[in-house]
Amino acid sequence: MHSKEVNTLKSKALFGLAGFFVVCNSIVNVCLSFIIQMLVDTAGQGNMSELITSFKVVGIYWIVDCLVITINAYLSNKYVAGQILQFRNYLLKQLLHKQVGEYQNIGIGKAIALFENDISLLESNYYWAKLKLISLSATFAFGFVSMFIINWKIAIVVIITSLLPVIFSSIYARPLKELQDSYSNSHGGYVTALKNALSNFNLIKLFHIETKVEREVSEQCSNQEHCREKYLIRSDLTSGYTGLCGILVVLGVFGIGSLLIIRGEVRIGALLAFVQLTNYVLSPIEGISLQLSHIKSCHGIIQKINNTIAKSESDGRLTEEFPKDNTIELENISYKYGEKEILKHISICFERGKRYAIIGSNGCGKSTLLRIISRFYEDYEGNVYYGKLSSRLIDPESFYNNVIMLQQDVLILNDTIRNNILLYCNSMNEVETRELMKQLELDELYMNDAVCLDSGENLSGGEKQRIAIARALLRKPKVLLLDESFSAIAPSMRLALEDIVLQSADIVIAVTHDRSFENLRKYDEVIYLDNGSIVAKGAIDEIANVLRLI
């Protein structure tokens with residue numbers, strides 16, 4: 001694997017041990033041929049004492065075989081399970097540490113497909129295939145050497161005829177890899193479509209679009225199964241034709257063996273041993289070529305995963321700490337979504353100690369502007385400066401310790417209210433936390449350790465928003481960005497809560513649809529956006545006439 005984090009010293013050592021006992025298991029299996037030869041030849045000689053000795057050897061062989069099988073099974077499964085666990089954890093770590101914009105480009109459907117489908121393919125077609133390849137190669141090698149020990153003439157026939165399956169498999173390896181890549185990609189598309197259908201069930205029922213959604217998911221499913229069918233057919237044909245080539249090896253072995261029996265050059269015990277050894281040579285021939293095809297076919301999946309988790313070129317430069325001077329300056333910001341221009345040459349400065357309201361019609365770019373300030377979007381034109389430092393250069397952990405954005409859709413974990421608010425951070429001051437819970441009227445839920453079910457289905461919209469506000473206020477950010485964060489809160493509580501929130505950070509920037517002058521007078525400056533541009537900005541009483549005209 002390319003990912004060094006997965007290929008640790010411990011995993012290398014475990015792979016070495018597993019590989020060693022895989023080889024030992026192969027040697028023990030090959031030794032069965034010599035056990036058979038010994039028993040048959042001893043019986044042919046009619047010597048009872050030697051036959052009893054042979055039975056003792058068989059008993060020792062059986063005990064050794066049991067020990068090797070047990071150790072081999074334990075080490076092999078421990079190695080594969082350990083690799084998959086490390087890889088899943090490594091993949092999760094890389095995804096969680098990506099920038100928001102990078103993760104959004106990947107998409108949740110593709111990310112889930114990596115964990116469900118691609119890693120499962122790696123488990124069977126890469127990690128297990130490597131161990132099987134070692135086992136088959138060792139069995140083939142020791143079986144082959146044993147053939148030369150018994151009769152070199154038959155061994156030469158095996159050499160010549162066994163090249164055919166290997167050549168055939170190498171020809172089929174590339175098409176098999178392409179088909180597996182196609183299946184992997186189609187599975188990702190199906191998972192994405194299925195997730196969208198199941199996670200938007202209420203929307204589907206509300207607008208009666210069951211048939212359309214069913215058709216789209218069905219098309220993705222059909223494409224996935226079509227790609228899967230083509231892959232499995234090619235895989236089965238590769239296996240079948242390789243086995244057919246193996247039949248030629250069998251015919252060659254028994255042809256020359258029959259001739260040697262007639263000439264008296266091979267004894268019955270040796271012949272039976274050779275028949276057993278033929279299985280140890282022929283079966284690995286088919287298996288080796290198949291496992292090589294599986295391993296080669298996984299290279300595309302490995303590259304796909306590495307490309308997905310690859311760090312951006314700027315990651316190595318994100319080392320600057322969040323500046324003490326946290327004035328925010330936007331310089332000529334423009335943003336497009338596809339061909340649609342959302343923001344157009346926005347330049348504005350947000351000063352420390354002030355509160356800002358952003359208003360405007362739906363789709364004018366208000367939320368997009370907040371996402372750019374919070375670094376959720378980074379594929380914009382222009383620059384965002386915190387102090388004199390570009391936001392792109394600030395270490396993400398330092399940035400998000402100081403800048404918090406509350407979005408319209410509140411993420412609720414399937415966990416307790418306490419864990420939803422503290423987000424598993426136990427260093428919060430408990431006295432301050434309980435006081436804040438009282439102010440937000442969450443104290444009863446918090447103290448009773450109530451559980452949120454189905455991503456907060458048992459909570460009201462206002463309770464969800466108050467949980468989000470609690471998360472932010474407990475972390476005491478320097479910059480607080482609010483995107484309609486009070487929309488679901490009851491009016492009787494909203495006024496007092498707004499006053500608390502607006503005084504909780506050095507800079508507060510809020511997107512709001514409440515254009516009442518009473519509400520907007522709470523802010524030092526009001527920014528009116530229209531069609532992606534700033535039309536007016538200033539204290540509400542200063543721009544009141546402009547807003548009335550608009």
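One-based numbering along the sequence shown.
By the 6.0 Å and 45° rule, Arg434 does not stack over the aromatic ring of Tyr446. Stacking of Arg515 on the aromatic ring of Tyr523 is not recorded, the 6.0 Å distance cut-off and the 45° axial limit not both being met.
In summary, the side chains of Asp483 and Ser367 do present a donor paired with an acceptor at a separation below 3.5 Å, with no hydrogens or angles considered. At a cut-off of 3.5 Å, with distance as the only test, no side-chain donor of Asn223 or Glu219 sits close to an acceptor on the other residue. For the residue pair Asn401/Arg475, the side-chain donor-acceptor check at 3.5 Å is not satisfied. With 3.5 Å as the limit, one finds no donor-acceptor pair spanning the side chains of Ser347 and Asn332. For the residue pair Ser533 / Asn531, no side-chain donor-acceptor distance below 3.5 Å is found, with atom types taken as modelled. Remark: the Lys130 side chain and the Tyr79 side chain contain an N/O donor-acceptor pair separated by less than 3.5 Å. Under 3.5 Å, the side chains of His187 and Asp118 contain no donor-acceptor pair of N or O atoms. Gln180 and Ser297 form a side-chain donor-acceptor contact under 3.5 Å, judged by distance and modelled atom types alone.
In summary, of the residues considered (Asn519, Thr512, Val501), a side chain to side chain contact (heavy atoms under 4.5 Å, CB included) with Phe486 occurs for Val501 alone. Screening Ile412, Leu422, Leu459 against Ile417 for a side chain to side chain contact (heavy atoms under 4.5 Å, CB included) leaves a single residue, Leu459. Applying the salt bridge (Lys or Arg N to Asp or Glu O under 4.0 Å) test between Asp506 and each of Lys354, Arg352, Lys476, Lys478 identifies Arg352 as the sole match.
Considering only residues two or more places apart in sequence or on other chains, Glu123 meets the side-chain contact (heavy atoms from CB on, under 4.5 Å) condition with Val80, Ile84, Trp128.
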Take Tyr385 and Leu330, measure what side chain to side chain contact (heavy atoms under 4.5 Å, CB included) needs, and give me the verdict at the end. CA-CA 6 Å; Tyr385 294 101; Leu330 276 59; over 6 Å; no
Give the intermediate values and the outcome of side chain to side chain contact (heavy atoms under 4.5 Å, CB included) for residues Tyr335 and Asp379. CA-CA 8 Å; Tyr335 182 81; Asp379 53 340; 3.3 Å; yes
